[in-house]
Amino acid sequence: MTGLPRYSGHSRCSMDAKKASMSTWKMVRFDNVSVYDSDVNLPIPAKEFASRLLKWYRENRRELPWRKDSDPYRVWVSEIMLQQTQVKTVIPYFQEFLKTYPSIKALADAQENEILSAWSGLGYYKRGRNLHKAARIVCEQHGGEFPRDLSQALQLPGIGPYTAGAILSLAYGEPVPILDGNISRLFSRYLKIEGVLEGSTLAQLQKFLVQLVSEASVSENIRDFNQALMEMGALVCTPRNPQCVSCPLAASCIAYQKGLEKTLPRPRTRRAVQEFHYTVAVISRGEKYLLTQNWKDTFLRGFWEFPRIQGPPTSRLEENFKLTHGLHLKVRKRAAPVAHRITFRKLNFHPVLVSLQSPAPQQTFTWTKPGQKGYPISSYIQKILKSIES
DNA sequence: CTCCGGTCGA
DNA sequence: TCGACCGGAG
């Protein structure tokens, strides 16, 4: 079953049936059964759709650091950071990152660990690693300039269909549509797409958008058009509690007309959450803490963390730290557990404040102030520290 | 607590 | 095509 609905008839419930019929395009085969082939009516003409959208954008767009210009490097960094991460979170990281790495060249010349510590707290650290790798490739193979060519852009690590489209359109003005979470959510409501937004449904939506860009004649205006759709998704057509009262497209939004704006899109299924417990040894020396690198787990690989053993605290934990880490320590105090979710894992960290009875093995440990350049950490480290302070 | 989301690799 | 990866918003 694919998600896109048959639209024959929808124009009847829109306000402008006559006009809407002028704006139709052929959808790809539905359910692989040709008898269901049908023309699709955008509820209003494509040009009207675009003009309402663009007017709203002119009046409501946020001034964001990466919207100051169309510099490909700035667009690139911002788009990578904005994957899975909200604007408000990204802003300070983006500002700092551009100060530290003002150009593709500067990024390519840096060490990966430094980049990861600039990324610390942002999550999805593979984005940072890939951005760094890609910067080196761009310097070596593309003369230091992000490729304008779609297939070349897609070759770069960390650049998928969305990000490639975003950079090509927003930085270079290539008239390609983009389809991110905001935009797919918006159209799932506007067109009332019932299926889960994945796979073939998204492929169909992508084709629909190509046609929309063409019919709406927004090729010259592609930067605003794409950003307007995303901005609408971020500010109006939000995941929860969409602000339909201030939506310039509500009058022709099919989900809104049917009262489905809160139930679409259908959520995708997720893996059940699994709980894990760890005891972590917090050992401080002034501002510095004893940290070690995580090589055991698949998550946060290579990141610095408090020495950690499996399971909640037991009476044998001193013995366990000796066996697991070669640390000779004495427990001073147990602190309240701190929970942290990473995908399907719920990690429960049980901090114990300890003192070191003999020096830590130098090979595997370091004394550092969390957040120190070159020592990437996850935000859960800060979470534990903050919890201990209080 | 639950839900959100681009890219990659199996 | 599915599941892993992260942290923050509601």
**Item:** Rounded interatomic separation in angstrom, taking CD from A:Gln206 and P from B:dG6
**Value:** 13 Å

**Message:** Nearest whole Å is fine: how far is B:dC4 C1' from A:Arg271 CZ?
**Reply:** 19 Å

**Asked** Quick one: ring-ring contact (aromatic ring centres under 6.0 Å, His included) partners of A:Trp56, sequence neighbours excluded?
**Response** none

**Prompt:** Think A:Arg285 forms a cation-pi with A:Trp367, using NZ or CZ under 6.0 Å from the six-ring centre and within 45 degrees of its axis?
**Reply:** yes

Output side-chain donor-acceptor pairs under 3.5 Å for residues 167-177 of chain A, partner residues at least two apart or in another chain, one line each.
{"unit_1": "A:Ser169", "atom_1": "OG", "unit_2": "A:Gly165", "atom_2": "O", "d": "2.8"}
{"unit_1": "A:Ser169", "atom_1": "OG", "unit_2": "A:Ala166", "atom_2": "O", "d": "3.3"}
{"unit_1": "A:Ser169", "atom_1": "OG", "unit_2": "A:Asn226", "atom_2": "ND2", "d": "3.1"}
{"unit_1": "A:Tyr172", "atom_1": "OH", "unit_2": "A:Phe146", "atom_2": "O", "d": "2.6"}

**Fill in**
Sorted by chain and number, sequence neighbours left out, salt bridge (charged side-chain N to carboxylate O under 4.0 Å, His left out) with A:Arg341 holds for none

**DNA chain B contacts made by residues 147-167 of chain A, counting heavy atoms under 4.0 Å** = A:Leu156, A:Pro157, A:Gly158, A:Ile159, A:Gly160, A:Pro161, A:Tyr162, A:Thr163

**Prompt:** Got a sec, which residues hit salt bridge (charged side-chain N to carboxylate O under 4.0 Å, His left out) with A:Glu198, two or more places apart in sequence or on another chain?
**Reply:** none

**Message:** With a 4.0 Å limit, can you tell me whether A:Lys346 has a side-chain N or O closer than that to the phosphate oxygens OP1/OP2 of B:dT2?
**Reply:** no

Sequence neighbours left out, cut at 3.5 Å: what donor-acceptor pairs do the side chains of residues 106-113 of chain A make with other protein atoms?
{"unit_1": "A:Asp109", "atom_1": "OD2", "unit_2": "A:Lys105", "atom_2": "NZ", "d": "2.8"}
{"unit_1": "A:Glu112", "atom_1": "OE1", "unit_2": "A:Arg129", "atom_2": "NH1", "d": "3.2"}

**Fill in**
Atom NZ of A:Lys262 and atom P of B:dC4 are separated, to the nearest Å, by 14 Å

**Prompt:** Can you name the ring-ring contact (aromatic ring centres under 6.0 Å, His included) partners of A:His142, sequence neighbours left out?
**Reply:** none

**Complete:** A:Glu198 atom CD is separated from B:dC4 atom P, nearest whole Å, by 13 Å

Check: residues 263-272 of chain A side-chain donor-acceptor pairs under 3.5 Å, at least two apart:
{"unit_1": "A:Thr263", "atom_1": "OG1", "unit_2": "A:Leu260", "atom_2": "O", "d": "3.0"}
{"unit_1": "A:Arg271", "atom_1": "NH2", "unit_2": "A:Gln274", "atom_2": "OE1", "d": "3.3"}

**Side-chain-base donor-acceptor pair under 3.5 Å for A:Arg268 and C:dG3** = no

**Prompt:** Less than 4.0 Å between a side-chain N and a carboxylate O, is that true for A:Glu63 and A:Arg67?
**Reply:** no

**Item:** Gap between atoms CG and C1', on A:Asn226 and B:dG6 respectively (whole Å)
**Value:** 16 Å

Output a table of nitrogen or oxygen pairs between the protein and nucleotides 6-10 of chain C separated by less than 3.5 Å.
{"unit_1": "C:dC6", "atom_1": "OP2", "unit_2": "A:Leu300", "atom_2": "N", "d": "3.0"}
{"unit_1": "C:dC6", "atom_1": "O4'", "unit_2": "A:Tyr124", "atom_2": "N", "d": "3.4"}
{"unit_1": "C:dC6", "atom_1": "N3", "unit_2": "A:Tyr124", "atom_2": "OH", "d": "3.1"}
{"unit_1": "C:dG7", "atom_1": "OP1", "unit_2": "A:Tyr125", "atom_2": "OH", "d": "2.3"}
{"unit_1": "C:dG7", "atom_1": "OP1", "unit_2": "A:Ser378", "atom_2": "OG", "d": "3.3"}
{"unit_1": "C:dG7", "atom_1": "OP1", "unit_2": "A:Ser379", "atom_2": "N", "d": "3.1"}
{"unit_1": "C:dG7", "atom_1": "OP2", "unit_2": "A:His340", "atom_2": "NE2", "d": "2.7"}
{"unit_1": "C:dG7", "atom_1": "OP2", "unit_2": "A:Ser378", "atom_2": "OG", "d": "3.1"}
{"unit_1": "C:dG7", "atom_1": "O5'", "unit_2": "A:Ser379", "atom_2": "OG", "d": "3.3"}
{"unit_1": "C:dG7", "atom_1": "O3'", "unit_2": "A:Gly121", "atom_2": "O", "d": "3.4"}

**Complete:** Contacts satisfying salt bridge (charged side-chain N to carboxylate O under 4.0 Å, His left out) that involve residues 364-378 of chain A (not counting sequence neighbours) are A:Glu114-A:Lys373, A:Glu287-A:Lys369

**Message:** Counting only heavy atoms and a strict 4.0 angstrom limit, can you tell me which residues of residues 173-186 of chain A come near DNA chain B?
**Reply:** A:Asp180, A:Gly181, A:Arg185

**Asked** Starting at CG of A:Asn130 and ending at C1' of C:dA4, how long is that distance when rounded to a whole Å?
**Response** 14 Å

Please tabulate, one pair per line, all N/O donor-acceptor pairs under 3.5 Å involving side-chain atoms of residues 79-96 of chain A, not counting sequence neighbours.
{"unit_1": "A:Glu79", "atom_1": "OE1", "unit_2": "A:Tyr162", "atom_2": "OH", "d": "2.6"}
{"unit_1": "A:Gln83", "atom_1": "NE2", "unit_2": "A:Thr163", "atom_2": "OG1", "d": "2.8"}
{"unit_1": "A:Thr85", "atom_1": "OG1", "unit_2": "A:Met81", "atom_2": "O", "d": "3.4"}
{"unit_1": "A:Thr85", "atom_1": "OG1", "unit_2": "A:Gln83", "atom_2": "O", "d": "3.2"}
{"unit_1": "A:Thr85", "atom_1": "OG1", "unit_2": "A:Arg127", "atom_2": "NH1", "d": "3.1"}
{"unit_1": "A:Thr85", "atom_1": "OG1", "unit_2": "A:Arg127", "atom_2": "NH2", "d": "3.3"}
{"unit_1": "A:Tyr93", "atom_1": "OH", "unit_2": "A:Ser120", "atom_2": "O", "d": "2.7"}

**Complete:** To the nearest angstrom, the CG-P distance between A:Leu202 and B:dT7 comes to 12 Å

